[in-house]
Amino acid sequence: MDPSRHQALQLAAAHGLDEGRTRALLALAGLGRPPDIPPRAQRLASATIAALLAGLGLVFLVAANWHEIGRHAKFGGLGGIVLLAGLVAWARPGTARTAAALLCFLAGGALLALIGQTYQTGADPWQLFALWAVLTLPLALAARSDALWSGWAIVACTTIGLWLHAWSGQRWFFDETASLAPQLAAWLASVAVAGLLHPALAPRTGAGPWAFRIAVLLAALLVTSSALTGLFASQPAATYPLGLLLLAAGAGLLSRRRRFDLAALSLLALAIDTLLVCGFGRFLMEGIDGKPIAAMLVLGLIATGVLAASVTALMRLRAACGGSDD
């Protein structure tokens, strides 16, 4: 809720205002009308959603009618849409460029999937996603759209996760015998994706804040899941403390005034809290034999304290760095 609206409602409650007078107070404060969204932002949002739905609809159309549509029709249709959308993105600036580039991006991914399924190239899924990310990187750089960069971040991070899955022998969980180097390589690759999309590089890449935050979310998920599998192995692996250190280092960088991002920092704080609480949970479950209720009670208190400390630290950083909730 908007802080100013919350304060107005508190003021109305303190003075016992009825519903009509509360509405009048909100209107007097300029809070009774819907938010003033610029027309350009409305057009951009509508065009982006339309392109996303069109691209996904195209993928579902081919998938649902796989046997009814001929091979030439599939390739011709998808290839034609990729070409047409690319030409529109090249020729038309502004909102049309963003929508057309996003449609070209989605149709290009569908075309690569169609090639892999039709000709059975034997490529692993991560290789197709890697090719999708590499081929559409120039498109993202040229379009300079946060929506397109957000999609690219999802594809790039999915590539990293699928590569790690293929390396592990099609497993998502690792034990203490698993090699550490590929996991660290996947972590660093996901960090590199987030670094590429950082707002500091926005003048060169055109990426916006949401692409960066999506990349941070996916990188945090990869590191956290890998660290947790190391924690709950029969013998805790080094990925657990290393994951904590990497997440803490990222949080430290984003805590600085010039790099402050409350949303991204909150995602890292949640990942750190998860690892800390799970670490305490393993320690308690092993140290308190025959008393699981007591262990769960202590763990609940620890989780509450960790969460409260994180929220307090985030609010203080927000006040000190002058960040926003955008």
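Note: hydrogens, waters and symmetry copies are ignored here, and every other heavy atom, side chains too, is used.
The side-chain hydrogen bond (donor to acceptor under 3.5 Å, both in side chains) search around Thr274 returns none, not counting sequence neighbours. Residues that satisfy the ring pair (Phe, Tyr, Trp, His ring centres under 6.0 Å) test with Phe75, not counting sequence neighbours, are Tyr119. Evaluation of the ring pair (Phe, Tyr, Trp, His ring centres under 6.0 Å) rule for Trp187 yields no partner, not counting sequence neighbours.
At a threshold of 4.5 Å between non-hydrogen side-chain atoms, the residues Ser145 and Leu102 do not count as touching. Side-chain contact between Leu131 and Leu112 is present, with heavy atoms from C-beta onward closer than 4.5 Å. Put simply, the side chain of Leu242 does not reach to within 4.5 Å of the side chain of Leu246, judged on heavy atoms. Between Pro199 and Phe212 the shortest side-chain heavy-atom distance falls below 4.5 Å. For the pair Val277/Leu299, a side-chain contact is recorded, criterion being any heavy-atom separation below 4.5 Å from C-beta on. In this structure the side chain of Ser266 reaches within 4.5 angstrom of the side chain of Leu262, judged on heavy atoms.
Here Leu275 contributes atom CG and Thr239 contributes atom OG1; the two are 9.5 Å apart, rounded to the nearest 0.5 Å. To the nearest 0.5 Å, the span separating OG1 on Thr98 from CG on Leu148 amounts to 8.5 Å.
Checked by atom type and distance alone, the side chain of Asp124 never pairs as donor or acceptor with a backbone atom of Gln127 at under 3.5 Å. Side-chain N or O atoms of Asp146 include none that pairs as donor or acceptor with a backbone N or O of Ala207 at under 3.5 Å. In this structure, the side chain of Arg144 engages the main chain of Ala202 through a donor-acceptor pair within 3.5 Å. No side-chain donor-acceptor contact under 3.5 Å links Ser226 to the backbone of Leu222. Listed for the Arg282 side chain is a donor-acceptor partner under 3.5 Å among the backbone atoms of Leu231.
No path of Ile, Leu, Val, Met, Phe, Trp and Tyr side chains, each step under 4.5 Å between heavy atoms, connects Leu111 with Leu84, placing them in separate hydrophobic clusters. In terms of hydrophobic clustering, with Ile, Leu, Val, Met, Phe, Trp and Tyr side chains grouped at heavy-atom distances under 4.5 Å, Ile160 and Leu180 are assigned to a common cluster. Using a 4.5 Å cut-off between side-chain heavy atoms of Ile, Leu, Val, Met, Phe, Trp and Tyr, with links allowed through other members, Leu244 and Val191 fall into the same hydrophobic cluster. Cluster membership for Leu137 and Leu135, using ILVMFWY side-chain heavy atoms within less than 4.5 angstrom, is shared.
Across all non-hydrogen atoms, the minimal contact from Ala143 to Ala101 is CB-CB, 3.8 Å. Residue Ala215 comes nearest to Val193 through the heavy atom pair CB-CG1, 4.3 Å, listed as atom of the first residue, atom of the second, then distance. The minimum heavy-atom distance linking Leu265 with Ala251 is given by the pair CD1-O, 3.4 Å. Minimum interatomic distance between Val216 and Ala264 (heavy atoms only, all atoms of both residues): CG1-O, 3.9 Å. Here the shortest heavy-atom pairing between Leu268 and Gly250 reads CD1-C, 3.6 Å. Annotation for Ala186 and Leu164: closest pair CB-CD2, 4.1 Å, computed over non-hydrogen atoms.
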Checklist line | Thr136 vs Val155, side chain to side chain contact (heavy atoms under 4.5 Å, CB included): CA-CA, chis, key distance, verdict | finding: CA-CA 10 Å; Thr136 55; Val155 172; 5.9 Å; no
Next item on the list: Check the pair Leu218 / Ser190 against side chain to side chain contact (heavy atoms under 4.5 Å, CB included), numbers first and verdict last.
Entry: CA-CA 8 Å; Leu218 296 176; Ser190 63; over 6 Å; no
Margin query: Could you walk me through whether Leu196 and Trp152 satisfy the side chain to side chain contact (heavy atoms under 4.5 Å, CB included) test, starting with their C-alpha distance in whole Å, then the side-chain angles of each, then the deciding distance to 0.1 Å, before giving a yes or no?
Written below: CA-CA 11 Å; Leu196 174 65; Trp152 187 89; 3.8 Å; yes
Margin query: Applying side chain to side chain contact (heavy atoms under 4.5 Å, CB included) to Arg316 and Thr312, what does each step give before you reach the verdict?
Written below: CA-CA 6 Å; Arg316 289 180 178 176; Thr312 302; 3.7 Å; yes
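Note on residues 219-252: no pairs pass ring-ring contact (aromatic ring centres under 6.0 Å, His included), not counting sequence neighbours. Pairs passing the ring-ring contact (aromatic ring centres under 6.0 Å, His included) check and including a residue from residues 94-118, sequence neighbours excluded, read Phe105-Trp132.
In the hydrophobic clustering, Leu53 connects to Ile49, either directly or through intervening members, whenever side-chain heavy atoms lie under 4.5 Å apart.
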